Amino acid sequence: MRKLILLLVAVSSLVAATAAELARPAASATTTVTITHTGYKPKSVSVSVGDSVAFTNSDTVAHTVRFKPTTGISCTRPLPLVLPPGQSATCTFRSAGSFNFSDPVVKSKAFRGTVVVGAAPAVSLSATPKVVVYGRSVTLSGALASQQTGQSLQVLAQPCGQASATKVATVTTTTGGAYSFQTKPLKTTTYTVKFKSSTSSAVTVNVRPRMRLGKVAPHRYSLRVFAAQSFAGHYATFQRYRPALRRWVSVKRVLLRANSTGVAPTVVTAARFRSSLRAGLRVRAVLSRTQVGTCYLAGRSNTIRS
């Protein structure tokens with residue numbers, strides 16, 4: 001009985017921790033402004049409420065960063081910021097508006113800048129992971145700033161090559177206004193989430209073609225490439241690993257041809273080829289960025305022995 005109670009407590013704790021993680025707002029972004037002897041770089045910065053700006057002094061003399069206004073700003077050093085050479089300070093902006101900053105000691109316009117702080121989106125969005133192999137899932141998650149439960153959100157997707165975004169799902173917020181949705185992008189896709197008249201920041205998920213290399217007989221190999229488009233007429237590169245060089249080297253180019261085994265929307269392109277490499281070497285195949293085009297990242301197969 002005691003073991004059962006402990007198990008129930010552990011499960012409850014795990015559920016609570018998961019809900020808290022989903023409800024947690026997306027991590028704030030930090031933009032860097034570098035101070036050089038010629039001025040601020042960049043001079044103009046655009047961020048959202050809750051984001052931060054890091055000021056780094058790369059000059060050989062001290063510089064001061066003075067804000068106007070100062071309301072809604074919290075920094076890691078007292079205002080105005082006094083930064084000796086090589087030191088940094090970070091300021092977080094808690095309210096929307098324009099915040100001018102300058103070095104009062106230097107009269108040059110190059111030492112005057114502006115942080116423009118926009119209102120935070122009503123709904124946040126993040127993707128995990130942001131790079132996937134074709135056929136793998138991506139988890140989209142976020143939360144409403146209002147933390148409302150039971151609200152309907154629209155998930156929009158714009159795959160590479162598509163003129164506009166289309167709705168792919170409707171999700172409902174749970175504890176703390178959190179939501180989560182799993183999807184399988186067919187090619188590089190940009191996602192947004194819409195809540196009433198508000199839209200989240202866009203998140204792009206990049207996709208690599210899935211490649212499968214096999215050895216069918218001594219010195220004979222097969223390669224299949226899975227994607228949502230054909231790579232027939234494109235070239236994969238067969239490679240071997242050189243331990244002495246600690247890198248992969250190209251052995252030969254392999255022409256991919258159309259294959260009839262794909263089930264829509266998956267298209268399979270394949271090749272069978274020979275190589276005179278001796279047995280026991282580590283080999284793989286890759287599709288370079290120039291061969292996959294704009295809608296995929298470069299791909300690489302599994303590693304096998306020759």
Side-chain angles (χ1 to χ4, degrees), residues 126-140 157-163 165 168 181-191 202-306:
S126 63
T128 306
K130 288 189 175 181
V131 177
V132 293
V133 174
Y134 180 83
R136 301 282 178 84
S137 295
V138 171
T139 298
L140 305 177
Q158 185 173 358
C160 176
Q162 186 170 298
V168 294
F181 174 70
Q182 278 201 334
T183 184
K184 293 181 179 181
L186 300 178
K187 54 183 68 175
T188 293
T189 302
T190 299
Y191 294 97
V203 173
T204 298
V205 177
N206 291 290
V207 180
R208 301 184 189 276
R210 181 161 63 94
M211 303 176 64
R212 186 67 184 174
L213 178 67
K215 185 177 180 181
V216 295
H219 305 296
R220 292 181 179 270
Y221 303 87
S222 66
L223 175 64
R224 291 185 296 167
V225 181
F226 303 82
Q229 71 177 58
S230 173
F231 291 112
H234 295 235
Y235 285 89
T237 302
F238 184 56
Q239 297 181 328
R240 60 162 292 195
Y241 186 72
R242 296 286 298 272
L245 301 177
R246 295 184 180 180
R247 65 183 179 91
W248 292 88
V249 297
S250 299
V251 176
K252 65 183 300 182
R253 299 177 77 204
V254 178
L255 178 64
L256 296 171
R257 303 180 186 277
N259 189 286
S260 60
T261 59
V263 178
T266 300
V267 180
V268 180
T269 40
R272 284 180 174 264
F273 60 97
R274 293 176 57 91
S275 173
S276 59
L277 287 176
R278 70 177 188 273
L281 301 177
R282 292 175 62 196
V283 293
R284 71 178 187 183
V286 299
L287 265 177
S288 68
R289 187 62 185 267
T290 57
Q291 293 298 317
V292 297
T294 58
C295 292
Y296 290 90
L297 293 183
R300 58 178 178 268
S301 74
N302 54 308
T303 299
I304 64 172
R305 294 288 178 176
S306 61

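Only a predicted model underlies this, so the values are computations on that prediction, with no experimental measurement involved.
Asn302 contributes a side-chain N or O that, together with a main-chain N or O of Leu213, makes up a donor-acceptor pair within less than 3.5 Å. Side-chain atoms of His234 never come within 3.5 Å of backbone atoms of Leu255 as a donor-acceptor pair (strictly under, hydrogens ignored). At distances below 3.5 Å, at least one donor-acceptor pair connects side-chain atoms of Gln158 with backbone N or O atoms of Ala163. Within the 3.5 Å criterion, the main-chain N or O of Val133 finds no donor-acceptor partner in the side chain of Arg208. The closest donor-acceptor contact from the side chain of Lys215 to the backbone of Ser306 lies under 3.5 Å.
Of all the heavy atoms in Leu223 and Ala236, the pair that sits closest is CD2-CB, 3.6 Å. Here the closest non-hydrogen pair linking Leu287 and Pro209 is CD1-CG, 4.3 Å. Nearest heavy-atom pair, Ala157 versus Thr189, reported as atom, atom and distance to 0.1 Å: CB-CG2, 3.9 Å. Minimum heavy-atom separation, Ala258 to Thr269: CA-CG2, 4.4 Å. Annotation for Asn259 and Ala270: closest pair ND2-CB, 3.6 Å, computed over non-hydrogen atoms. The shortest non-hydrogen separation linking Ala285 to Met211 is O-CE, 3.7 Å.
For Arg212, the CZ atom is loosely surrounded, since the number of other residues' heavy atoms within 6.0 Å does not exceed 12. Remark: Lys252 NZ is packed, more than 12 non-hydrogen atoms of other residues, nucleotides or ligands lying under 6.0 Å away. No more than 12 heavy atoms of other residues, nucleotides or ligands lie within 6.0 Å of CZ in Arg300, so this atom counts as exposed by the packing criterion. A 6.0 Å sphere centred on CZ of Arg272 holds no more than 12 heavy atoms belonging to other residues, nucleotides or ligands.
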Point to revise | side-chain contact (heavy atoms from CB on, under 4.5 Å) assessment of His219 paired with Ser275 | key: CA-CA 5 Å; His219 305 296; Ser275 173; 5.8 Å; no

Exercise for review: Go through the steps for Thr266 and Tyr134 under the test side-chain contact (heavy atoms from CB on, under 4.5 Å), then give the verdict.
Suggested key: CA-CA 9 Å; Thr266 300; Tyr134 180 83; 2.8 Å; yes

Point to revise | Audit row: Arg240, Val249, side-chain contact (heavy atoms from CB on, under 4.5 Å) steps and yes/no | key: CA-CA 6 Å; Arg240 60 162 292 195; Val249 297; 3.6 Å; yes

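Val286 is not listed as a side-chain neighbour of Trp248, based on a closest heavy-atom distance of 4.5 Å or more. Looking only at side-chain heavy atoms (C-beta outward), Arg289 and Leu297 come within less than 4.5 Å of each other.
Between atom OG of residue Ser126 and atom OH of residue Tyr191 there is a gap of 13.5 Å, rounded to the nearest 0.5 Å. Here CG of Leu281 is found 13.5 Å from CD of Gln239. Values are rounded to the nearest 0.5 Å. Rounding to the nearest 0.5 angstrom, the gap separating the OG1 atom in Thr237 from the CZ atom in Arg253 is 6.5 Å.
Among the candidates Thr261, Val263, Leu256, the single residue satisfying the side-chain contact (heavy atoms from CB on, under 4.5 Å) test with Val268 is Thr261.
Classification of the Phe238-Tyr221 ring pair by plane angle, with boundaries at 30° and 60°, yields tilted.
Counting only residues at least two apart or on different chains, the disulfide bond (SG atoms under 2.5 Å apart) pairs with a member in residues 259-306 are Cys160-Cys295.
Residues satisfying the ring-ring contact (aromatic ring centres under 6.0 Å, His included) criterion with Tyr296, sequence neighbours excluded, are Phe231.
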